[in-house]
Each structure stands twice: as C-alpha cells, then as structure tokens.
Amino acid sequence: MEKADAYKPKQRITYKLIKEYILEKYSFKVHTAYIAEVKRGLGLPMYDAPNAVEILKQPRKHPTPIQVTAIKDALTYFEVIQN
C-alpha cells in the first residue's frame, strides 16, 4: 500500500485552487491573468492558451504588489515554487 501511495501523481494545481486559497487567506480575489503574469515573471512553464488573441481590445492591467505577494505565497503553499 505504501508503494502505491508513493507512485500517486501529485495533485494538479489549478488557477481555481490558487484563487480559492488567496480568497480564504487574504480575503480578496485575483484575476487569472494576474496569476499567469506572476508565473511568467518567475519563469515557470506556461501552456499556450487556445483562446489567445494577437491584439488585445483593452490594455492589460498589472497586479498590485499586495496581489503579487499573495500569489507567490499561494504558489509556495502548493509547492510550485520554493521559498
């Protein structure tokens, strides 16, 4: 049984899990684009979005320093990055 537990794949960390963690711990919501921007800034692997557009209709907004800190904390909590 212990060998079976050792071979279990790790839980997939989704943006939804990250958003729920931040909402519960920090009591504010973050947009998925902010999470993607922080991950991109950290050099984490990103998947190509199938619905991506070449030209944005509105300029992209950037996360505040508080939001960046919360997202990095969530990524550390889910062991995506090391502190």
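Numbers here simply count residues along the sequence, with the first being 1.
The salt bridge (Lys or Arg N to Asp or Glu O under 4.0 Å) pairs that include a residue from residues 53-77 are Lys25-Asp73, where partners are two or more places apart or lie in different chains. Within the structure, ring-ring contact (aromatic ring centres under 6.0 Å, His included) contacts touching residues 54-83 (residues at least two apart or in different chains) are Tyr21-Tyr77, Tyr21-Phe78.
Counting non-hydrogen atoms of other residues, nucleotides and ligands closer than 6.0 Å to CD1 of Ile66 gives a total of 12 or fewer. In Glu20, the CD atom is crowded: over 12 heavy atoms of neighbouring residues, nucleotides or ligands sit closer than 6.0 Å.
Side chains of Lys39 and Tyr15 form a contact here, defined as non-hydrogen atoms less than 4.5 Å apart.
Taken to the nearest 0.5 Å, the CD atom of Gln82 stands 8.0 Å off from the OG1 atom of Thr76. Atoms CD1 and NZ, on Ile35 and Lys16 in that order, are 13.0 Å from each other to the nearest 0.5 Å. Rounding to the nearest 0.5 Å places NZ of Lys19 at 8.0 Å from NZ of Lys29. Atom CD1 of Ile22 and atom OG1 of Thr69 lie 10.5 Å apart (nearest 0.5 Å).
Residues Phe28 and Ala70 come closest through the heavy atom pair CZ-CB, 3.8 Å. Looking at every heavy atom in both residues, Leu17 comes nearest to Ile13 through CD1-CA, 4.2 Å.
Ile18 and Leu23 fall into different hydrophobic clusters, where Ile, Leu, Val, Met, Phe, Trp and Tyr residues are linked whenever their side-chain heavy atoms come under 4.5 Å apart, directly or through other members.
Leu56 belongs to a hydrophobic cluster with Val53, counting contacts under 4.5 Å between side-chain heavy atoms of Ile, Leu, Val, Met, Phe, Trp and Tyr, direct or through other members.
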